[in-house]
Amino acid sequence: METRVTRLLGIEKPIIQGGMAWVAEYNLASAVSAAGGLGLIGAASAPADVVRDYIHKVKERTDKPFGVNVMLLSPYADEVAKVVAEEGVKVVTTGAGNPEKYMDMWKAAGVKVIPVVASVALARRMEKYGADAVVAEGMESGGHIGSQTTMTLVPQVVDAVSIPVIAAGGIGDGRGFAAAMMLGAEAVQIGTRFVVAKESIASQNYKDRVIKAKDIDSEVTGMSHGHPIRCLRNQMTREYLKLEKEGAPFEELEKLTLGSLRKAVMDGDVVHGTVMAGQIAGLISKEQTCQEIIDEILDEAEKLLKR
Ligand code: TUI
């Protein structure tokens, strides 16, 4: 399936893996790229030397294109942004902010720049600053979210910009993929379904919690202090939301979530940790390889789009 996004990135299949903190490391990124999609190393809050090492590890594992997601709230964002340019990474996506200050450096290094946006205003601004495409991410996504849904955001961004739009948020199968194409997207970004990929290093407890999730198990913490995070309900979210309702200060809330994603992903503590996942978790029922996930989504979507 060829689109402006597959041509821009030199990939076979219009599926981009989300830059998920802790989960999107070199094993997952190289597996998605080797399967014909675009794998991403999620730099999250990792120091620049760790990201550089991961870039080398993906290069050892596949000669297909891959990218790095720069999380703009990271204390290491400046250094990671430089590493991306120095290492000749083909594609960068950004999250949780406005990447304007890095755009000239990346463009000069020949990096394709794809900011993740949650509004039409930021999409327009990114196009003006030279972005090659944007990911329009709805609030169905896991992790840090905006306030618009994928269904409403994607067509509005498609109408507002001329660069290609990649849809994200709530997409987990061929139906979601086909729907995104109908909204005008030219690729999709998928996170939650890749969390349970065989190549994903997420703990078995984390994967099982996603597989077990029901539609209504999704919660949003941090709304009161402007950093909404979507994750699956557990003891942590119950305590957090209770404190939030009582008007607890940010410092007190932060105690519950400091290091909590690592706890869930790496240590398997899905009771006290943060189990970030999108609203589509309820649809995800099994562990598969990245190749199986990508091929199944595209086979299903192609049948639907031909109907
Ligand atoms: O970035 C994400 N998802 C994430 S980042 C993350 S790590 C984190 N942990 C704690 C607090 C904050 C982050 C976990 N999940 N997705 C992309 C995304 N970007 N979603 C929404 C946005 C966004 C929101 C506001 C982008 C720009 C923006 O405004 C920027 C501006 O200046 O207008």
Side-chain angles (χ1 to χ4, degrees), residues 16-25 40-46 51 67-77 80 92-103 113-129 131 133-150 152-154 157 160 165-171 188-192 194-195 202 206 218-232 236-237 240 244 250 253-265 273-279 281:
I16 296 172
Q17 166 233 316
M20 302 162 286
W22 293 104
V23 177
E25 45 68 82
L40 289 183
I41 296 165
S45 297
V51 178
V68 171
N69 172 267
V70 179
M71 207 279 281
L72 297 165
L73 293 172
S74 164
Y76 305 108
V80 170
V92 66
T93 68
T94 62
N98 178 339
E100 256 163 52
K101 66 172 172 171
Y102 306 125
M103 300 267 274
V113 183
I114 310 184
V116 177
V117 303
S119 70
V120 166
L122 190 60
R124 280 213 175 96
R125 206 175 158 97
M126 293 298 95
E127 178 174 49
K128 199 170 100 191
Y129 277 81
V134 287
V135 175
E137 191 181 279
M139 51 85 87
E140 296 93 323
S141 299
H144 179 64
I145 53 171
S147 55
Q148 291 228 65
T149 62
T150 303
T152 57
L153 180 66
V154 172
V157 172
V165 176
I166 297 153
I171 302 166
V188 300
Q189 179 191 277
I190 292 181
T192 307
F194 285 123
V195 170
Y206 201 112
S218 192
E219 299 274 24
V220 179
T221 59
M223 208 72 106
S224 62
H225 55 85
H227 281 298
I229 298 279
R230 182 179 297 288
C231 52
L232 293 175
M236 186 283 292
T237 63
Y240 194 107
E244 230 181 343
F250 175 67
L253 295 167
E254 206 188 15
K255 280 188 209 144
L256 280 178
T257 53
L258 218 59
S260 64
L261 180 63
R262 185 188 189 287
K263 217 190 283 179
V265 175
T274 300
V275 186
M276 288 187 195
Q279 284 185 314

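As a basis for the values below, the full set of heavy atoms in this structure was taken, side chains included, without hydrogen atoms, waters or symmetry mates. Worth saying up front: this structure is predicted, and the values here are computed from it rather than measured. In what follows, residues are counted from 1 in the order of the sequence shown. In listed order, ligands and their atoms are each counted from 1.
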For residues 220-228, please give each side-chain donor-acceptor pair under 3.5 Å, one per line with the distance, not counting sequence neighbours.
{"from": "Thr221", "atom 1": "OG1", "to": "Ile229", "atom 2": "O", "distance (Å)": "3.4"}
{"from": "Ser224", "atom 1": "OG", "to": "Glu244", "atom 2": "OE2", "distance (Å)": "2.7"}
{"from": "His225", "atom 1": "NE2", "to": "Tyr240", "atom 2": "OH", "distance (Å)": "2.7"}

Dump all N/O pairs between ligand 1 and the protein below 3.5 Å as a table: atom names plus distance, one pair per row.
{"from": "ligand 1", "atom 1": "1 (O)", "to": "Ala96", "atom 2": "N", "distance (Å)": "3.3"}
{"from": "ligand 1", "atom 1": "3 (N)", "to": "His144", "atom 2": "O", "distance (Å)": "3.4"}
{"from": "ligand 1", "atom 1": "15 (N)", "to": "His144", "atom 2": "N", "distance (Å)": "2.9"}
{"from": "ligand 1", "atom 1": "16 (N)", "to": "Glu137", "atom 2": "OE2", "distance (Å)": "3.0"}
{"from": "ligand 1", "atom 1": "19 (N)", "to": "Ala96", "atom 2": "N", "distance (Å)": "3.0"}
{"from": "ligand 1", "atom 1": "20 (N)", "to": "Glu137", "atom 2": "OE2", "distance (Å)": "3.2"}
{"from": "ligand 1", "atom 1": "20 (N)", "to": "His144", "atom 2": "O", "distance (Å)": "3.3"}

Practice task
Report the residues that fulfil side-chain hydrogen bond (donor to acceptor under 3.5 Å, both in side chains) with Ser119, sequence neighbours left out, ordered by chain and then residue number.
Solution key: none

Practice task
Start with the C-alpha gap between Arg230 and Glu140, add the side-chain angles, then the distance that decides, and say whether salt bridge (charged side-chain N to carboxylate O under 4.0 Å, His left out) holds.
Solution key: CA-CA 8 Å; Arg230 182 179 297 288; Glu140 296 93 323; over 6 Å; no

Practice task
Let me see the working for Thr152 and Thr149 under side-chain hydrogen bond (donor to acceptor under 3.5 Å, both in side chains), right down to the final yes or no.
Solution key: CA-CA 5 Å; Thr152 57; Thr149 62; 2.9 Å; yes

Problem - side-chain contact (heavy atoms from CB on, under 4.5 Å) partners of Glu25, counting only residues at least two apart - result: Asn27, Leu28, Tyr54, Ile201

Practice task
Ignoring hydrogens and angles, tell me if any N or O in the side chain of Glu219 forms a donor-acceptor pair with the backbone of Cys231 under 3.5 Å.
Solution key: no

